[in-house]
Structure formats: C-alpha cells, structure tokens
Amino acid sequence: RDLHSFPTRRSSDLWAAALALALIVLTRNADANRDRTDRWRYHRGVLAEAAGQTDTARAEYELALAANPRHPQAHYNLGVILQSQDQLPQAIEHYRTALAVYPELTHARFNLAVALTGLNRIDQAIDQYRILLKTDPADRESLVNLADLLNAVNRLDEAATVYQQALNLDPNNPELHYKLGDALNWLGRDAQALPHHQRAVDLDPDRPAYLNGLARLLAAGEDPAVRDGARALQYARRAVTLSPDNPILLDTLAAALARAGDYPAAGDTAARAVALAQAAGQPAVAADIQSRLARYRQGEPYIERSLTP
C-alpha cells in the first residue's frame, strides 16, 4: 500500500449540516450576519466549496480567518483544500491551529496524520493516530493506517497488534488477514501467520497477492511445520495464471517448485523471473531472485528468514 495515498477524511453528515446552516445564515438576517464577518465569510466559503468553486472557497475561508484567527472549522476546511492541492506544509499548519483551538475536531487530526505521512514524517503521523485511537479505539481506518505505518518502519510486533485490533472490528476483511499474516511471517511466527494467509485466500481466491503470500509461506517458511510443497505449487500456479508476467509471482512459483523437488523447473522459472525484472527496470528484484536461482541450480530449496533473531 502506498503510504502517500491515504485518503483524507470529511464527515458527510457534518458537511451536509454545514451546508444547511450556511444556507440559513446567508438567507436570514443578512445584515446582522455581516456584523460577524468570520461567520459570514465562513458560510460563503462552505457554499462556494460545495459548488466546486475551490479558489473562491479558499479566499472566503482566508477572509474568515482574517476576521477571527481562532475559527477552527475555517482552519480545517482551508486545510482540506490545501491538502487536496498538495500544499501539505500549509495544510498541516491549519490543522494544528484548528486542533489547538478545538482538540476534539477529530477529522482535522486524522487529516493531519495523513499530511504528515505525505511528508514522510512517519513518527509524528504515528503519534497523531495514537491520539485519535485514545478517543475512538474502534476507528478502523485509523487502526489500519497506523498499522501500515508501523509495518513500513519495521515495527512489526506493534504492527501485528494493531492489525489484529482492526481485524477484530472487521473479521472478514481479506486484506487485513493478508497484512497480519505478512507481519507475523516476518516476525518468524509462521504457525500464526498461516491461518491468516489461508483466510485471505478463502475470502478472495482471485487476488494474486493473497495467493502469493500463502504460497510463499508454504514454500519457504522458516518453520518446517508449515512447509508444504504440493500446496505451495497449487497456490503459486494459480497466482501466475492470473498474472503471468509478474516476476514476484514467478519467484514464488520457483520456490514452490524447489520445495516440491523439481529443481530444473525451479531454475528455469527463476531465470524467467530475473529476465522480467530486468526488463521492468527492477535490478534489485532481479539480483535478489538471481541469488535464489543459484541455490536451485545446486539442488537447494529456499528458506525465507524472518527479520527478527
């Protein structure tokens, strides 16, 4: 998952309420409302944004903040616009100001975490998700984003715990089973990883990534008790059938063939994977697969070592 593609958040119910209030404010007691320039400008901004007039909305929110620099919703809405325009430092400043005035504005904190992620300020983003989850431990989207960030910085034990929390809220989500299985696999907890990889495939049997995760664990797991060459071949072949020119999938198929004892076919498959990776401009992937190809040529299977001692 691309950490820079996390979606921002805006409550549809709150947005609908803001639109309704804006219509009321701007159509009743107009002269009195103009005396509160911040409110008047803010609601004009809401209506302009709803009409797709982003530049006008931004200008109105800025005028609202000129009149009242502590207007939290104007800061938040302006932050949303700036974030949509990839002006992340400016968006972050507005979200932080909104939260300083109104710490309970959870959507601002969520979007702040997303913006921090976009600037690779991962530790700060993690902190914001932690704060959010203290308020709402059942915020599944925050749980998944937090787990993905922890996974990305190799805090795998923490990531596995948070993926499990998200899975408790959404037990039939194949992506969460896959991600939890992957984290457990890299932690060297193959026996715990196996049922999650299997469940991901059971829930979505045509997703190559899920088939590959299960096949790779069965073919190259560090725990001998989980290895099963015949089953690994079944799932690896299915994945390659769905995406025949993917070097990662072919690499797993080669590992499965080696686990099943067919070293010549494993070598040929790995060689094809190397060629495809090189053609795709992925030299690091090609070199990694090449190291396994040398093992197969010598009649040795591949074992994927965990990232923990």
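Because the structure is predicted, anything quoted here is derived from the model rather than measured.
Every residue meeting the side chain to side chain contact (heavy atoms under 4.5 Å, CB included) condition with Arg96, not counting sequence neighbours, appears here in chain and number order: Ile92, Leu112, Leu116, Arg121, Gln124, Gln128. Residues that satisfy the side chain to side chain donor-acceptor pair (under 3.5 Å) test with Asn172, not counting sequence neighbours, are Arg199. Contacts of His177 classified as side chain to side chain donor-acceptor pair (under 3.5 Å), with partners at least two apart in sequence or in another chain: His196.
Residue Val162 forms a side-chain contact (heavy atoms from CB on, under 4.5 Å) with just one option from Asn151, Leu167, Val144, Leu143, and that option is Leu143.
Judged as a side-chain hydrogen bond (donor to acceptor under 3.5 Å, both in side chains), the pairs with a partner in residues 252-263 (not counting sequence neighbours) are, in order, Asn212-Thr252, Arg216-Thr252.
Using a 3.5 Å distance cut-off with no hydrogens or angles, the side chains of Asn168 and Gln164 do pair a donor with an acceptor.
The minimum heavy-atom distance between Ala236 and Ala256, with the atom names listed, is CB-CB, 4.2 Å.
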Contacts under 3.5 angstrom, residues 275-288 side chains, donor-acceptor by atom type, not counting sequence neighbours:
from: Asp288; atom 1: OD1; to: Arg292; atom 2: NH1; distance (Å): 3.4
from: Asp288; atom 1: OD2; to: Arg292; atom 2: NH1; distance (Å): 3.4
from: Asp288; atom 1: OD2; to: Arg292; atom 2: NH2; distance (Å): 3.1

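Under the 4.5 angstrom side-chain criterion for Ile, Leu, Val, Met, Phe, Trp and Tyr, the cluster partners of Leu242 are Tyr178, Leu194, Val201, Tyr210, Leu211, Leu214, Leu217, Leu218, Val226, Tyr235.
The shortest side-chain heavy-atom distance between Leu187 and Gln192 does not fall under the 4.5 Å cut-off. In this structure the side chain of Arg58 reaches within 4.5 angstrom of the side chain of Leu82, judged on heavy atoms.
In this structure a side-chain-to-backbone donor-acceptor pair under 3.5 Å is missing from Arg41 to Glu60.
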